[in-house]
Amino acid sequence: MKTRSAIEITGLSHAVQRTEILAPTTLTLPGGKITALIGPNGAGKSTLSRLIARIEPPPEGTVLVNGLDVAQTPGARLARELAFMGQHTGLASRLRVRELVAFGRWPHCAGRPGPADSAAIARALHDFELEPLAGRFLDTLSGGQAQRAHLAMAAAQQTPWLILDEPLNNLDLAHARALMAHLARLREAGGSVLIVLHDLNFAAGWADHVVAMKAGAVVAEGPPAEVLTAPGLSALYETEIAVTEHCGRPLVLHHLGGVAERRQEA
């Protein structure tokens with residue numbers, strides 16, 4: 001891993017057919033941390049992550065990843081600085097799991113893998129419990145297995161920054177927790193993670209930094225204890241949310257007042 005740095009965003013915005021999807025945003029994402037992007041549907045979380053990773057070229061503003069201008073950096077160089085996994089990965093029916101994971105090494109070996117590449121592939125297969133599935137075709141996997149295969153490909157890329165857009169989709173509780181533990185190990189090794197999450201307790205339990213978005217704008221950022229508060233989350237999601245504490249971290253409780261009221265009426 002490289003030394004810890006940051007993603008610096010200045011005046012970044014995005015619109016589709018004159019509809020503003022992301023308001024002009026200036027933000028610094030700290031290196032060496034797990035940063036969770038949270039917010040309701042349509043908040044702009046996925047758009048922001050895709051613009052950072054240059055999946056969509058930003059029409060306005062700048063993004064610097066570890067000092068490199070994303071808009072000006074050649075793709076091969078950028079692919080050694082950040083890895084991205086989006087929500088819609090798609091499946092190639094005649095591709096095996098090991099072959100998919102091996103694509104993560106392309107920026108390093110251009111299709112001519114050496115011992116370091118083979119070791120990275122083997123490590124990713126192990127970390128995501130895919131060794132028994134390595135020879136399976138992708139279209140024979142369950143949704144959760146396929147999700148883990150794509151996560152392994154991103155991890156095998158071994159970049160300073162890992163950007164994940166809702167990676168917990170399709171994962172059961174055990175594999176979701178295993179993914180977050182893997183991200184924590186990457187952080188301890190000096191890596192940096194930006195992850196879009198809907199489950200607030202995964203953000204509360206694992207993130208070092210939280211960015212809350214609503215209607216295309218950043219409305220709060222900071223440590224979990226500062227962002228994941230009952231008043232802040234209730235306003236963010238426009239529903240009553242309670243927050244307590246567990247093991248020194250926030251614990252988010254969905255408000256069940258309606259259930260209590262119905263029981264009282266009964």
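Along the sequence shown, residues carry numbers from 1. As the structure is a prediction and not an experimental result, all values here were calculated from the model.
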- request: Specify the closest pair of heavy atoms between Ala134 and Leu125, including all atoms of both residues, with the distance to one decimal.
  value: CB-CD1, 4.3 Å
Ala154 versus Ala83, closest heavy-atom pair with distance: O-CB, 3.7 Å
query: Looking only at side chains, do His175 and Glu129 share a donor and an acceptor under 3.5 Å apart?
result: yes
message: Using modelled atom types and a 3.5 Å cut-off, is there a donor and acceptor pairing between side-chain atoms of Thr26 and backbone atoms of Gly11?
response: yes
task: Take Leu197 and Leu168 through the test side chain to side chain contact (heavy atoms under 4.5 Å, CB included) and record every step on the way to the result.
output: CA-CA 8 Å; Leu197 290 173; Leu168 303 188; 3.7 Å; yes
field: Distance in Å, Asp165 CG paired with Gln87 CD, rounded so as to fall on 0.5 Å steps
entry: 4.0 Å
message: Does either side chain, that of Thr47 or that of Glu56, offer a donor lying less than 3.5 Å from an acceptor on the other one?
response: no
Hydrophobic cluster membership, Leu37 vs Val227, 4.5 Å side-chain cutoff: no
- line: Between the CD atom in Glu166 and the CD atom in Gln147, the distance rounded to the nearest 0.5 Å is 9.5 Å
- request: Take atom CZ of Arg185 as the centre, draw a 6.0 Å sphere, and report whether it contains more than 12 heavy atoms from other residues, nucleotides or ligands.
  value: yes
task: Establish whether Val193 and Phe202 are linked, either directly or via other cluster members, by ILVMFWY side-chain heavy-atom contacts under 4.5 Å.
output: yes
- prompt: Less than 4.5 Å apart, any side-chain heavy atom of Val97 and any of Leu141?
  reply: yes
query: Given side chains that start at C-beta, do those of Leu29 and Ile52 come closer than 4.5 Å, heavy atoms only?
result: yes
Co-membership, hydrophobic cluster, residues Leu48 and Trp161, 4.5 Å side-chain: yes
query: Can a salt bridge be assigned to the pair Asp117 and Arg105 using a cut-off of 4.0 Å between side-chain N and carboxylate O?
result: yes
- request: List the steps and the verdict of side chain to side chain contact (heavy atoms under 4.5 Å, CB included) for His14 and Leu51.
  value: CA-CA 9 Å; His14 186 66; Leu51 289 171; 3.8 Å; yes
- request: Indicate if Leu179 and Leu133 have the same hydrophobic cluster label, given that clusters are the connected sets of ILVMFWY residues with side-chain heavy-atom separations under 4.5 angstrom.
  value: yes
task: Quick one: closest heavy-atom pair of Asp69 and Leu64, and the distance?
output: CA-CD2, 3.5 Å
- prompt: Side chains of Val219 and Met213: closer than 4.5 Å at any heavy-atom pair?
  reply: no
Check: Leu164 and Val196 side chains under 4.5 Å, non-hydrogen atoms: no
task: Look at Asp208 together with Arg187 and state whether they make a salt bridge at an N to O cut-off of under 4.0 Å.
output: yes
- prompt: Considering all heavy atoms of both residues, which atom of Val243 and which atom of Thr229 are nearest to each other, and what is their separation?
  reply: CG2-C, 3.7 Å
task: Kindly give the heavy-atom pair with the smallest separation between Thr25 and Ile9, and that separation in Å.
output: O-CG2, 3.4 Å
Trace of the side chain to side chain contact (heavy atoms under 4.5 Å, CB included) decision for Glu60 with Leu12: CA-CA 6 Å; Glu60 293 184 23; Leu12 186 66; over 6 Å; no
Any side-chain heavy-atom pair of Tyr237 and Leu200 under 4.5 Å: yes
statement: What one should report as the nearest heavy-atom pair of Val101 and Ala149 is CG2-O, 3.9 Å
task: Any chance you could measure Ser46, atom OG, to Asn41, atom CG, to the nearest 0.5 Å?
output: 9.5 Å
- prompt: Is Arg136 reaching over with its side chain to a backbone N or O of Thr140, donor-acceptor style, under 3.5 angstrom?
  reply: yes
message: To the nearest 0.5 Å, what is the distance between OG1 on Thr35 and NZ on Lys33?
response: 9.0 Å
- prompt: Say you draw a straight line from CD1 of Ile195 to CD1 of Ile38; how long is it, rounded to the nearest 0.5 Å?
  reply: 12.5 Å
query: So, is the end of the Arg94 side chain (NZ or CZ) under 6.0 Å from the ring centre of Phe137 and within 45° of the ring's axis?
result: yes
task: Using modelled atom types only, decide if a donor and an acceptor are shared between the side chain of Lys45 and the backbone of Ala212 within a distance under 3.5 Å.
output: no
message: Could you measure the distance from the CE atom of Met153 to the CG atom of Leu130? Nearest 0.5 Å is fine.
response: 12.0 Å
Heavy atoms from other residues, nucleotides or ligands near NE2 of His126 exceed 12 (cutoff 6.0 Å): no
message: Donor-acceptor pair, distance only, cut-off 3.5 Å: does the side chain of Ser192 make one with the backbone of Gly32?
response: yes
query: Do Glu81 and Thr159 come within less than 4.5 Å of each other through their side chains, counting heavy atoms only?
result: no
message: Taking Leu183 as the starting point, is it possible to reach Met85 by hopping between hydrophobic residues whose side chains are less than 4.5 Å apart?
response: yes
message: Is there a side-chain contact between His209 and Ile34 in this structure, where contact means two heavy atoms from C-beta onward sitting under 4.5 Å apart?
response: no
- request: Without swapping roles, check the side chain of Arg98 against the backbone of Gly135 for a donor-acceptor pair under 3.5 Å.
  value: no
query: When you look at CZ of Arg249, are more than 12 heavy atoms from neighbouring residues, nucleotides or ligands closer to it than 6.0 Å?
result: yes
message: Given 3.5 Å as the limit, does a donor-acceptor pair link the side chain of Glu240 with the main chain of Ser234, or not?
response: no
message: Is it true that Thr73 and Arg77 share a donor-acceptor pair across their side chains at a distance under 3.5 Å?
response: no
query: Would Val252 and Leu233 satisfy side chain to side chain contact (heavy atoms under 4.5 Å, CB included), going step by step from the backbone distance to the final call?
result: CA-CA 9 Å; Val252 180; Leu233 291 177; 3.9 Å; yes
field: Between Phe128 and His182, ring centroids under 6.0 Å
entry: yes
message: So Phe103 and Leu95, do their side chains get closer than 4.5 Å, heavy atoms only?
response: yes
